[in-house]
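A short write-up of the structure that comes next.
If you're wondering where the values come from, they're calculated on a predicted model, not measured in any experiment. Counting convention: from 1, in listed order, for ligands and their atoms alike.
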Amino acid sequence: MPMRKKLLSLIVLSIMLIPISVFAAQGNKENGKTIYDKKCWWCHGENGAGDGPAGKFLNPPPRDLTAGWYKFKTTPFDEITPADEDIFRMISGGMNHISLWKGMSGTSMPNWDDVLNDQERWDLVAYIKTFSGFEQPAKGPIDYKGRIKSSKESVEKGRETFKKMCAECHGEEGMGDGTKKLKDDLGFRTWPRNLTKPWTFRVDNDPKEIYTRISNGIPGTQMPSFADPSSKKTLSDEERWNVAHYVASIGNDVKRPKDDTVLKAVRLMGELPEKVDDPKWNEAEATSFWFIPQIIAKERFFTPSLDSITAKAFYNDKEISILLEWDDRTKSIPGDEKAKEIAEGDVLEDSVGIQLPVIIPEEMEKPYFGMGDSAKPVNIWQWKSGKKDSPEIVKLLNSNGFQKIEQRDAAKAGLKASGAYNNGTWRVVMKRPLATEEKGKDIQFAEGKYTPVAFAAWDGSNGESGSKHVMTTWAWLLLKPATPKSTYFIPIIVALLVFGGEILLVRKK
Ligand code: HEC
Ligand code: HEC
């Protein structure tokens with residue numbers, strides 16, 4: 001290598017090796033305040049107390065930056081002050097490091113790396129530290145020297161530890177359906193993360209990040225440090241790596257909604273499954289959809305607890321059977337003591353619905369986004385979980401919009417449903433003949449036709465009933481012919497981004 005080139009690469013290398021904190025120190029508080037007063041105050045409040053005007057609509061609420069606890073930090077459990085890099089990282093990536101839709105399933109703290117440059121973000125770090133009077137932390141970040149590689153053995157050991165130390169809060173299978181009612185240090189209700197949905201993690205589900213959270217805890221919340229020798233919950237360094245590998249292994253990508261919005265019903269020769277635990281379901285294709293809060297009808301709803309739903313479908317020459325699966329932290333059975341303990345307020349029934357047009361449109365068009373309209377009525381199949389002393393039920397409704405709803409006889413149309421709850425997940429099967437007698441009132445399914453379909457769900461422990469619920473946008477259901485005719489094209493869905501869209505708009509202003 002010629003001398004000059006060598007010198008140059010040495011200079012480049014040494015610049016790269018300068019610790020980021022050198023730049024961090026350059027954060028300009030005054031400049032930070034100017035940016036904060038434009039971009040952050042409407043959530044975090046003028047003085048950082050988490051009381052901005054948008055705050056009351058957000059769940060979890062915007063952080064009170066005066067309280068002095070930062071949740072996602074690399075400094076050890078006995079060092080309250082985060083490293084500047086930690087704050088910088090959270091401002092840059094936000095807590096929905098996964099863009100609009102995904103942000104809805106996590107929190108509303110946006111990422112700023114596409115809006116503000118590095119210097120502006122360091123300026124913000126310098127400014128928001130003044131809210132809590134933080135200077136530099138006395139202790140540096142934890143190290144990762146004891147890191148062990150992931151292996152089957154390590155994951156298996158981690159599973160054991162998880163059951164003993166984590167399941168009380170995160171649930172037996174990590175779905176966040178623990179048995180404890182948790183509050184953060186400010187008294188807000190908090191929910192442990194559903195660890196099977198890594199895209200809802202505030203930081204990342206990389207084992208190193210999980211290890212950091214387990215070791216340092218999540219300050220301000222009940223997620224404890226497992227490295228604190230004075231706690232009853234101490235785990236050795238090795239145990240913490242094992243459990244981190246286990247948590248990283250339980251992420252289930254099938255539940256993450258993709259761009260594919262076609263639910264494909266697979267043709268079966270024999271009987272269709274009627275129960276949720278029928279092994280035949282393993283052969284069906286799963287498609288997942290985001291839920292958004294219902295914000296069209298009168299009683300608007302901004303604090304949902306359910307984030308997505310996964311569907312599978314089969315049909316034969318007589319019937320169609322649809323399996324719906326969604327994670328719900330609480331099994332809401334009115335009258336049940338255990339359900340009452342963990343609910344917010346009164347316990348109402350959990351419920352799920354499928355919406356279909358009465359007449360399948362010829363063109364690929366969809367009915368009005370709400371519950372149909374006068375020209376395009378919809379069928380709604382609604383399953384309800386039942387109460388302590390009354391069983392689950394299925395209802396059939398015809399709707400021409402929110403005001404015009406007709407209750408129909410589900411049994412007469414041949415509509416059946418059956419559900420079961422297990423470790424944080426509801427599974428419900430709904431089944432109906434492809435054709436019914438009341439042709440003008442019920443959808444008549446047809447093979448090979450793109451049929452609009454939408455789903456809705458109610459979490460009864462979150463006060464959801466009537467128009468207070470979550471729903472998906474219209475997607476397509478396709479009864480896939482046994483021998484494909486030609487290639488299918490994936491229709492483009494105009495997603496309703498009211499919520500996320502507004503946030504984006506204001507951010508860009
Ligand atoms: C749309 C509302 C919203 C806006 C705008 C917003 N935040 Fe946040 N922010 C939140 C919420 C909500 C949380 C808490 C999330 C949680 O606890 O999971 C949060 C958390 C934080 C945290 C805590 C990180 C940690 O590790 O605990 C920091 C720092 C922060 N925000 C800085 C900012 C800055 C700086 C801006 C402006 C550039 C900003 N936020 C704009 C909603 C917002
Ligand atoms: C006493 C209840 C409790 C226990 C025990 C507990 N957690 Fe948590 N955990 C929580 C809460 C609450 C949160 C959510 C905190 C927040 O962001 O508001 C959480 C969040 C997490 C996260 C999310 C990190 C991110 O980036 O979003 C991980 C990972 C995690 N816990 C792993 C574990 C593991 C592994 C164990 C056992 C070694 C464990 N937790 C034990 C309550 C608990």
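Residue pairs meeting the ring pair (Phe, Tyr, Trp, His ring centres under 6.0 Å) criterion with at least one partner in residues 137-157, sequence neighbours excluded, are Tyr144-Tyr211.
In this structure, SD of Met109 and NE2 of His44 enclose an angle of 180° at atom 8 (Fe) of ligand 1, rounded to 10°.
At a threshold of 4.0 Å, the pair Asp307-Lys197 counts as salt-bridged, since one of the basic side-chain nitrogens sits closer than that to a carboxylate oxygen. Residues Glu392 and Lys384 are not paired through a salt bridge, judged by the lack of any N-O separation under 4.0 Å between the basic side chain and the carboxylate. With respect to the salt-bridge test (charged N to carboxylate O, under 4.0 angstrom), the residues Asp206 and Lys208 do not qualify. Of the charged side-chain nitrogens involved, at least one lies within less than 4.0 Å of a carboxylate oxygen, so that Glu209 and Arg89 count as a salt-bridged pair. Between Asp118 and Arg121, at least one side-chain nitrogen of the basic residue sits less than 4.0 Å from a carboxylate oxygen of the acidic one, meeting the salt-bridge criterion. Salt bridge Asp350/Lys331: absent, no basic N to carboxylate O contact under 4.0 Å. We find that Lys129 and Asp84 are joined by a salt bridge, their nearest charged nitrogen and carboxylate oxygen being less than 4.0 Å apart. With respect to Lys233 and Glu168, a salt bridge is recorded, a charged nitrogen being found less than 4.0 Å from a carboxylate O. Remark: Glu30 does not engage Lys33 in a salt bridge, criterion side-chain N to carboxylate O under 4.0 Å.
Atoms of ligand 1 lying under 4.0 Å from at least one heavy atom of Pro62, given by number and element, are 10 (C), 11 (C), 12 (C), 13 (C). Every atom of ligand 1 with a heavy atom of Trp42 under 4.0 Å away is listed here by number and element: 1 (C), 5 (C). Applying the 4.0 Å criterion to heavy atoms of Ile128 picks out, from ligand 1, the atoms 29 (C). The Met90 neighbourhood of ligand 1 comprises atoms 24 (C), 26 (O), with distances under 4.0 Å to a heavy atom of that residue. In the vicinity of Pro110, heavy-atom distances shorter than 4.0 Å reach the ligand 1 atoms 3 (C), 4 (C), 6 (C), 7 (N), 43 (C). Interface of Ile91 with ligand 1, defined as ligand atoms under 4.0 Å from a residue heavy atom, comprises 35 (C).
Proximity of Gly50 to ligand 1 is not established, as no heavy-atom distance is less than 4.0 Å.
The backbone and the side chain of Tyr70 each have at least one atom closer than 4.0 Å to an atom of ligand 1 (non-hydrogen atoms only).
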What does the N/O contact table under 3.5 Å look like for ligand 2?
from, atom 1, to, atom 2, distance (Å)
ligand 2, 7 (N), His170, NE2, 2.8
ligand 2, 9 (N), His170, NE2, 2.9
ligand 2, 17 (O), Arg193, NH2, 2.8
ligand 2, 18 (O), Lys71, NZ, 3.0
ligand 2, 26 (O), Arg202, N, 3.3
ligand 2, 26 (O), Val203, N, 3.2
ligand 2, 27 (O), Arg193, NE, 2.9
ligand 2, 27 (O), Arg193, NH2, 2.9
ligand 2, 27 (O), Arg202, N, 2.8
ligand 2, 31 (N), His170, NE2, 2.9
ligand 2, 40 (N), His170, NE2, 2.8

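On a distance-only criterion, Tyr36 and ligand 1 share no N/O pair closer than 3.5 Å.
The aromatic ring centres of Tyr36 and Phe131 sit less than 6.0 Å apart.
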